[in-house]
Amino acid sequence: MEQAELAALLFPKTGKTLADYETVYPPRRLPPGAPVTRLAPSPTGFIHLGNVYGALASERLAHQNGGLFLLRIEDTDEKREKPGAVEALIEALAYFGLRFDEGAAAAGERGAYGPYRQRERVGLYHAAARALTERGLAYPCFCSEEELQEIRAAQAAAGANFGYYGAWAKYRDLPPAEARRRLERGEPFVLRWRAPEAAAAATVTVTDAVRGALVLPANEQDIVLLKSNGVPTYHFAHVVDDHFMRVTHAVRGEEWLPSLPVHAQLFAALAWEPPVYCHTPLLLKMEGGGKRKLSKRKDPELALDFYRREGYHPLAVREYLMTILNSGYEEWRLAHPGTDMEEFSFSLAKIGASGALFDLQKLNDISKNVFAALAPEETADFLRQWAEAMSVSALLKAPREYLTAIAAIGRREANPRKDFIYGAQIFSFISFFFDECFQAEDPLPDNMTGAEAGRILTEYLAAYDHAAGKDGWFAALKRLAVAGGYAEKPKDYKKQPELYKGHIGDVSAVIRLALSGRKNSPDLWEIQQAMGEQRVRGRLAAARQRYGGPG
RNA sequence: GGCCCGUUGGUCAAGCGGUUAAGACAUCGCCCUUUCACGGCGGGAACAUGGGUUCGAGUCCCAUACGGGUCACCA
């Protein structure tokens, strides 16, 4: 009775009861076995790779099996919240191809199981809190921060485990009359869970979809359910929300494993069926010979923003995450090039249990393949998009057709070039195509004088036929080289170097330098075709002038 | 420190009691070639350690070691 009074005092009966909510949020009408998954990020403004990683798993799980994927915003920590974070998050996930069927949206939200922002759900939490308090399973705790610290210090001195539990839980058995007095005086309090007395020796068995059966020590901590501002902690919100949103699979990082017994206890106490837990391995990073969890502060590549700024293609990031998320994906991709990722049969069983080192080289390799498979128009559009986001003026000024022509170089064949990795890299790779970026970066070959280079350019320019096909163009180049005293084939030159000034490679090096400013570039003929006759002639003439050649 | 999770080449990984222990990335060598790239061929490189169980163990069990996570009115 005392408990009921306490509950009434704590949570005046104004809103709905737990039973009411059961009818407000009825079981979903979905085909049997259709999963309901969610992404439940905290709107701190920092969107990281882990968000996409978890979201990808959840999204595939739901959509591959006729289920739903929803977005819930865990905004219970006002201190860490950043304005605009929700919008940014939704936008970023959409960029990476992750769409929600339900939940928080840029403008409002949609779905019948909302609200989807936790701060707007306090009615639900309080109804659950009230029910637990009535049953004596929750109680108000008036510990100040100082008291908590004292407990901690005493535990340290005694060599006991840290936390608020058992005999250390000083307000656990506060007489209700005393609690009432303090409440009436308006003392701040948190609502704590009363862990079962027998917990110390007990174990819980939870089946994790990734790790199998886990036998864990039962929770004995009187964890905080509601903070002093009345807003729930993660643990409580997770249980209440995933129940009433009828979430069937909780995909989250393995850092949650230690609190699993808490969640199991809460679900059991409320007689709700817990979701299937899927604890995904952590994303790690190599440092100083050791591995560690990717850190927000130290690792720029953890921020999703990094991939956008660098200009990684969203598909590449998805592909990469999928390769570490589901074993066998890489092999499948190799066997099914060009097939949409959604055709791959994603499964929880294929999620590994051990943490994966984040491997930028692998991402780069995947990116190359993604760009190799893209139509030149798509690549051009992607670059323009990236250029716009990053204000890369040279790219923005370039006509779409020009970019498309550049992107097409070496990519129409059966074995496309794989030298496009990400926006920033591509831009620096192709910058010479843009007059405002062009510069003579590399020097002439050692055996080439400026005068000789000027001579070659003069002749090349005179004979240049923009309309010639590749074979015709190369034949003409050979004639020019041979007439100038160069070997037609490098092998001939190697055999008898005394007979020649050099070989055809030296001649093309001069032209390559004139056109691109670099000693390495894609195929010359293709460059010329992409550049157009006017630009080609201009570059050649300018180079000739640099080398002091005639006119 | 307590508790938990994990451990196959440099990295990601396949393997689910009997294999010459896949594959991919990276790396190295050779070939192709007007440069670069692409491509082709090939090389080096792994079951953390110790005990069991078993005719037989990377695969099952137990220890140890190592790595990671977690012990907030953060999620």
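Sequence lines set the chain letters: A, B, ... in the order given, protein chains first and strands last, and positions in each chain run from 1.
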Between Phe371(A) and His313(A), does the ring centre distance come in under 6.0 Å? yes

OP1 or OP2 of A72(B) less than 4.0 angstrom from a side-chain nitrogen or oxygen of Arg152(A), does that happen here? yes

Side-chain N or O of Arg411(A) closer than 4.0 Å to phosphate OP1/OP2 of C38(B): no

Pairs under 3.5 Å (N/O, protein and nucleotides 39-41 of chain B):
unit_1	atom_1	unit_2	atom_2	d
G39(B)	OP1	Lys418(A)	NZ	3.0

May I have all residue pairs that pass side-chain hydrogen bond (donor to acceptor under 3.5 Å, both in side chains) and include part of residues 469-482 of chain A, sequence neighbours excluded? Tyr460(A)-Trp473(A), Lys470(A)-Asp523(A), Trp473(A)-Gln528(A)

We want to know whether Tyr139(A) and Asp222(A) form a side-chain donor-acceptor pair, criterion being a heavy-atom distance below 3.5 angstrom. yes

Can Phe162(A) be called stacked on C71(B) when the rule is centres closer than 5.5 Å and an angle between planes below 30°? no

Which atom pairs link the protein and nucleotides 19-22 of chain B when you take only N or O atoms and keep those under 3.5 Å?
unit_1	atom_1	unit_2	atom_2	d
A22(B)	N1	Glu331(A)	OE2	3.3

Residue-phosphate contact under 4.0 Å: Lys519(A) side-chain N/O, U34(B) OP1/OP2: no

Between U64(B) and A26(B), how far apart are the C1' atoms? Round to whole Å, please. 33 Å

Each nucleotide in nucleotides 26-32 of chain B should get exactly one letter: B, S or -. Can you fill that in based on protein heavy atoms under 4.0 Å? S-----S

C1' gap between A13(B) and A21(B), integer Å: 12 Å

What dot-bracket string describes RNA chain B from 5' to 3', counting Watson-Crick and G-U wobble pairs whose defining distances are under 3.5 Å, with [ ] for crossing pairs and | for pairs to another strand? ((((((((.[[[..)..(....]]].(((((.......)))))....[[[[[..)....]]]]])))))))....

What residue pairs, at least two apart or across chains, pass salt bridge (Lys or Arg N to Asp or Glu O under 4.0 Å) with a residue in residues 360-373 of chain A? Glu330(A)-Lys362(A)

Residue from His235(A), His243(A), His279(A) passing ring-ring contact (aromatic ring centres under 6.0 Å, His included) with His263(A): His235(A)

For the pair made of CZ in Phe429(A) and C1' in C38(B), what is the distance, rounded to whole Å? 11 Å

Tell me whether the rings of His503(A) and Tyr493(A) are parallel (<30°), tilted (30 to 60°) or perpendicular (>60°). tilted

Of Trp473(A) and Leu216(A), the one whose closest nucleotide on RNA chain B sits nearer the 5' end is Leu216(A)

Please work out if Val190(A) contacts a base, only the sugar-phosphate, or nothing of the nucleic acid, heavy-atom cut-off 4.0 Å. base

Base, sugar-phosphate alone, or nothing: which one does Arg252(A) contact when heavy atoms must sit under 4.0 Å apart? nothing

Which whole number of Å gives the distance between the P atom of G10(B) and that of A22(B)? 16 Å

Is the distance from OP1 or OP2 of C73(B) to the nearest side-chain N or O of Ser228(A) less than 4.0 Å? no

